[in-house]
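In the text below, chain A, chain B and the rest are named by the order of the sequence lines, each starting its count at 1.
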Amino acid sequence: MALAATLLHNAYFCGRCCRHKALQPLLGPLLSDSLSKSYSSYRRPGSQPEKKTTWQNVDLSFKKSIEVLKTQLGMLKKETEDHLAGPEGQSLTHYMLEQTRVVWEFRSQEDLNKWVISSDVEIGGKSEVYLKLGRNNQTALLYGTLNTEVPRDGETKYSGYCSMRAKPLVGSFARKKYYDWSNFNSLYLRVRGDGRPWMVNIYTDPYFSHQKDDLYNYFMFTRGGPYWEEIKIPFSKFFLSSRGRVQDDQHPIWLDKISTVGFTIGDKVNGPFQLEIDFIGLLNDRAHTEEFAYETYEKNPPL
Amino acid sequence: MLSLALGTMITITSNHWVTAWAGLEINTLAIIPLISKSHHPRAIEAATKYFLTQATASALMLFSSMTNAWSSGQWDITQLTNPPSCLLLTAAIAIKLGLTPFHFWFPEVLQGSSLTTALLLSTAMKFPPTTILLLTSHSLNPTLLSTMAIMSIALGGWMGLNQTQTRKILAFSSISHLGWMTIIITYNPKLTLLTFYLYSLMTTSIFLSMNSTNTLKLSTLMTSWTKAPMLNTTLMLTLLSLAGLPPLTGFLPKWLIIQELTKQEMTTTATIISMLSLLGLFFYLRLTYCSTITLPPNSSNKMKQWSIKKPVNTLTPTL
């Protein structure tokens, strides 16, 4: 119970800080810096001092802008071709027949660049987290040390979390794109952990609305062994939380607009952790018939 | 629900701007709780989006009626004489209906609401703005309306091409049909009404058929043939009717509109919109392909679909 509360409390921080980190390379320094500057110049103990101001980062060269325009137009052309081909860029028969799909796999540095890692260093904690390619470039290794020492700023009560989150998809001209996973009903993870419990978070669309802190979470318990584990988590098991607090009014996750997926560790145990991920995929498990695992009764029954 | 009927009645029977606006507001407010009934975050987001867009449109409409009243001294809907008011009113009605380029809210709102509410949004909520458009059509700028209509048909067809969610597909089909309705409104408003009635009838039957099998996405549609085969065949016919294929009913409005446009020496427009509705035809055909023509190698494992929620209305699609 306390573990869940801590995990979720840390997930709030992790969620909030992760968002800035995840979108920073995409939206430029405009978004995050303006947020920090508009309140006060107090800097949290763990965050980096700003070396360059926002306006110094702007590059007004003509050649670079032509290249950027060319890249964006190329992406737009590809998007148009994908639109004509069918759902998600593949033909309709492919969409009709697919039962599994690999969404993220880790075979090169580019695959690693699609992920962002963060830890409680942002709030002044002392955990460390690193992400690198595993042996033979076949896996990704997320490792580090968890340290639950609370930063002494007078307002933080818990600390000690590390996380890894996928960057959201970006289309041409920096538009948001989403994953459409409506054909599937489980998440399929091939991981090799060290026995520690992790939390899997899925973030669906709403960035610019009141629901921007909504996150769907579930737990992933790893075994420690040298053998690979294939963990299947059905989407019906994910519960809704907002800013780290589990909501009373639970709803199933809607799979037609998924933005990112993340893993968090925050189990209040000081020490090293390791998670090796081979790939993250989706599965349409025909044997799974549950629609939603929580609150299946009628909440306001007619009298 | 009653408030919806009340609001629609008030707007339809009004000839004063304020009553028309009041009816529209009643409609907007009445449908907000219907959209957010399930309290899912997406439903609430859809309700918020709907409210914001409709409130903007209502404000614009009130503004246009006020400037018209200021310049001409009367509040009669049919006597819209001030040109800026006409422009503002066109924009307001376009936002209310979901004509391009003000269509962005429509698929999202339809996706966030349940199937029956989506039905109401597509048919009942379109009726009052259409009546206002009919009453004022003689004073509105025909070029602007035609441009918006052509863009709507184009966009409705293009964006609907690879959607996998049935509600979004129906949203884009609605946008496309609105384009057909709007293009003829300045020349022959009766055809607009005819198109609207036939479109409402066809969409109602599609939504109700989908509601009874609870198909929210394409893969569910593909497996519905095992649950209610008769419904599936009639669904196919209705979809093709929506696409406007002769000899089904949906061809009638298209034929008459093209005939009227040709009489008005607008043959290029007529050709353009017929070509653009080919795009729509493509995705309707794809829907029918998915639902009836092919038999997918799987069967859905959703328990809910085995229960038919209401008696199947196989008669309406055969109209």
Side-chain angles (χ1 to χ4, degrees), chain A residues 79-99 179-185 204-216 234 236 240-242 247-257 284-292 295-296 299-300, chain B residues 36-49 51-52 104 107-108 110-112 155 157-169 214-223 279 282-283 285-291 293-306:
Chain A
E79 267 173 35
T80 321
E81 287 165 0
D82 282 347
H83 188 87
L84 283 169
E88 306 254 303
Q90 295 144 341
S91 67
L92 186 68
T93 41
H94 189 278
Y95 173 80
M96 272 165 55
L97 293 172
E98 71 178 341
Q99 296 187 23
Y179 295 102
D180 176 15
W181 292 349
S182 47
N183 229 358
F184 306 99
N185 64 3
T204 56
D205 160 53
Y207 186 74
F208 291 112
S209 70
H210 285 285
Q211 288 125 8
K212 66 181 192 309
D213 300 308
D214 272 3
L215 205 62
Y216 290 88
S236 60
L240 176 65
S241 71
S242 175
Q247 299 296 297
D248 284 334
D249 193 20
Q250 283 294 326
H251 298 285
I253 182 171
W254 279 23
L255 296 160
D256 59 335
K257 255 190 179 175
N284 189 1
D285 192 359
R286 298 285 172 197
H288 183 77
T289 51
E290 187 185 53
E291 301 230 342
F292 188 48
E295 307 250 324
T296 45
K299 275 175 257 191
N300 292 313
Chain B
S36 56
K37 199 163 104 162
S38 67
H39 296 289
H40 193 281
R42 287 285 287 282
I44 298 180
E45 183 195 334
T48 324
K49 281 183 181 162
F51 177 68
L52 288 173
F104 295 101
E108 310 280 322
L110 233 65
Q111 176 67 11
L155 214 96
W158 175 255
M159 293 297 292
L161 272 183
N162 62 358
Q163 295 294 335
T164 54
Q165 306 292 320
T166 45
R167 288 171 288 184
K168 275 198 179 168
I169 291 178
N214 202 27
T215 51
L216 296 171
K217 44 192 215 277
L218 220 57
S219 39
T220 335
L221 194 63
M222 292 191 284
T223 54
L279 282 171
F282 176 65
F283 71 75
L285 269 179
R286 177 191 266 170
L287 272 181
T288 49
Y289 176 73
C290 281
S291 64
I293 305 177
T294 50
L295 299 178
N298 52 3
S299 66
S300 169
N301 51 0
K302 286 248 176 337
M303 306 270 268
K304 208 172 187 180
Q305 284 165 291
W306 281 102

Problem - Check: A:H83 side chain, B:W158 main-chain N or O, donor-acceptor pair, under 3.5 Å - result: yes
Problem - B:H40 side-chain N/O to A:P252 backbone N/O, donor-acceptor pair under 3.5 Å - result: yes
Handout entry: Heavy-atom neighbours of A:F292 CZ exceed 12 at 6.0 Å
Key = yes
Exercise for the section: Give a yes or no on whether A:D249 atom CG has more than 12 heavy-atom contacts from other residues, nucleotides or ligands under 6.0 Å away. Expected result: yes
Practice task
For residues A:Y216 and B:P41, report the shortest heavy-atom separation together with the two atoms involved.
Solution key: OH-CG, 4.0 Å
Completion exercise
All heavy atoms of A:H251 vs all of B:S38, minimum pair found to be CE1-O, 3.1 Å
Problem - Side chains of A:D256 and B:R167 in contact at under 4.5 Å (non-hydrogen atoms) - result: no
Practice task
Look up atom CD1 in B:I44 and atom CG in A:D214, then write down how far apart they are to the nearest 0.5 Å.
Solution key: 9.0 Å
Problem - Residue list, salt bridge (charged side-chain N to carboxylate O under 4.0 Å, His left out) with A:D180, at least two apart or on another chain - result: none
Fill in the blank from the handout: Contacts of A:K257 meeting salt bridge (charged side-chain N to carboxylate O under 4.0 Å, His left out) (sequence neighbours excluded), chain-then-number -> A:D205, B:E108
